[in-house]
Asker: 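Dumping the structure here so I can ask a few things about it.
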Amino acid sequence: MARRRYSGIDGPLTITKAGVVTVTSTRLLGVLGGMGPLASVEFQRNLIELTPARVDQDHIPCLTYSLPQIPCRVSAILDGGPSPLPTLLIGIDTLERAGVDAIAIPCVTAHYWLDAMNAATPLPIFDM
């Protein structure tokens with residue numbers, strides 16, 4: 001797959017023809033979000049506020065995959081509704097292919113499937 005190279009502040013970015021962006025010179029945190037959308041925003045606000053950064057460039061590089069259409073976790077757990085696991089695994093695969101080094105999942109109920117998600121990726125997933 002052909003890649004274009006771009007220069008960033010801390011080093012190059014790689015963008016594939018499919019539009020997948022990876023930061024190649026720093027560690028990158030992946031956020032599997034969208035469950036609900038404000039949980040992802042709140043997580044990122046906390047990540048920014050709790051990072052001891054002196055300047056913008058000191059913050060943690062982060063790539064968020066936000067998909068609000070992931071099936072309802074509560075319905076799946078309590079009522080036998082559609083499992084969100086296949087869609088969660090698509091999100092993890094997307095983040096993995098983008099080159100993240102670890103994954104954070106701000107949704108509490110998504111952690112019900114943590115064992116299956118951990119089995120699907122070599123990347124660390126931060127457990128709540």
Side-chain angles (χ1 to χ4, degrees):
M1 182 175 306
R3 295 180 180 265
R4 295 178 292 175
R5 303 293 284 177
Y6 293 84
S7 293
I9 293 172
D10 291 326
L13 297 178
T14 301
I15 303 176
T16 68
K17 282 186 177 181
V20 176
V21 179
T22 58
V23 178
T24 56
S25 65
T26 59
R27 297 191 63 166
L28 183 62
L29 175 64
V31 179
L32 181 56
M35 306 168 277
L38 284 176
S40 302
V41 173
E42 182 67 15
F43 172 80
Q44 288 189 297
R45 186 184 64 76
N46 285 326
L47 183 65
I48 292 166
E49 288 180 353
L50 296 172
T51 298
R54 291 173 287 113
V55 295
D56 290 345
Q57 293 76 17
D58 290 342
H59 284 279
I60 298 168
C62 175
L63 178 67
T64 300
Y65 178 83
S66 180
L67 185 63
Q69 290 74 26
I70 292 174
C72 179
R73 283 75 47 213
V74 174
S75 175
I77 294 167
L78 297 180
D79 301 325
S83 174
L85 183 59
T87 312
L88 291 167
L89 295 178
I90 289 169
I92 288 170
D93 181 64
T94 301
L95 290 168
E96 190 174 318
R97 287 184 296 111
V100 303
D101 297 292
I103 297 173
I105 306 172
C107 176
V108 174
T109 55
H111 285 76
Y112 183 85
W113 292 272
L114 184 62
D115 289 342
M117 290 186 290
N118 276 322
T121 182
L123 298 175
I125 298 175
F126 296 118
D127 189 355
M128 296 186 76

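Residues: numbered from 1 along the sequence shown.
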Asker: Please find the pair of heavy atoms, one from S40 and one from G33, that lie closest to each other, and give the distance.
Answerer: OG-CA, 3.1 Å

Asker: Please answer: with hydrophobic residues joined when any side-chain heavy atoms are less than 4.5 Å apart, are M117 and L95 in the same cluster?
Answerer: yes

Asker: With clusters defined by side-chain heavy atoms of hydrophobic residues (ILVMFWY) lying less than 4.5 Å apart, directly or transitively, does F43 cluster with I92?
Answerer: no

Asker: Heavy atoms, side chains only, cut-off 4.5 Å: are L29 and F126 in contact?
Answerer: yes

Asker: Under 4.5 Å between side-chain heavy atoms, hopping through other hydrophobics if needed: is there a path connecting I60 to L32?
Answerer: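 No.
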
Asker: Please say whether more than 12 non-hydrogen atoms of neighbouring residues, nucleotides or ligands are located less than 6.0 Å from OH in Y112.
Answerer: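 Count not over threshold, so no.
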
Asker: For residues 65-76, run the donor-acceptor check on the side chains, cut-off 3.5 Å, and write out each pair with its distance to 0.1 Å, sequence neighbours left out.
Answerer:
| residue | atom | partner | partner atom | Å |
| --- | --- | --- | --- | --- |
| R73 | NH1 | I70 | O | 3.2 |
| R73 | NH1 | P71 | O | 2.9 |

Asker: With a 3.5 Å cut-off and sequence neighbours excluded, list the donor-acceptor pairs that the side chains of residues 46-53 form with protein atoms.
Answerer:
| residue | atom | partner | partner atom | Å |
| --- | --- | --- | --- | --- |
| N46 | ND2 | E42 | O | 3.3 |
| E49 | OE1 | R45 | NH1 | 2.6 |
| E49 | OE2 | R45 | NH1 | 3.0 |
| T51 | OG1 | L47 | O | 2.5 |

Asker: Per the side-chain contact (heavy atoms from CB on, under 4.5 Å) rule, which among T109, T87, I105 passes with M35?
Answerer: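 For M35, the side-chain contact (heavy atoms from CB on, under 4.5 Å) test succeeds with only one of T109, T87, I105, which is I105.
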
Asker: In Å and rounded to the nearest 0.5 Å, what is the CD1 to CD1 distance from I125 to I103?
Answerer: 5.0 Å

Asker: Do L123 and L85 belong to the same hydrophobic cluster, where Ile, Leu, Val, Met, Phe, Trp and Tyr are linked whenever their side-chain heavy atoms lie under 4.5 Å apart, directly or via other members?
Answerer: yes

Asker: For a quick test of reading the model, state the closest non-hydrogen atom pair linking V31 to C62 and the distance between them.
Answerer: CG2-SG, 3.4 Å

Asker: Minimum heavy-atom separation for A120 to L89, with atom names?
Answerer: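 Nearest heavy atoms, A120 then L89: CB-CD2, 3.5 Å.
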
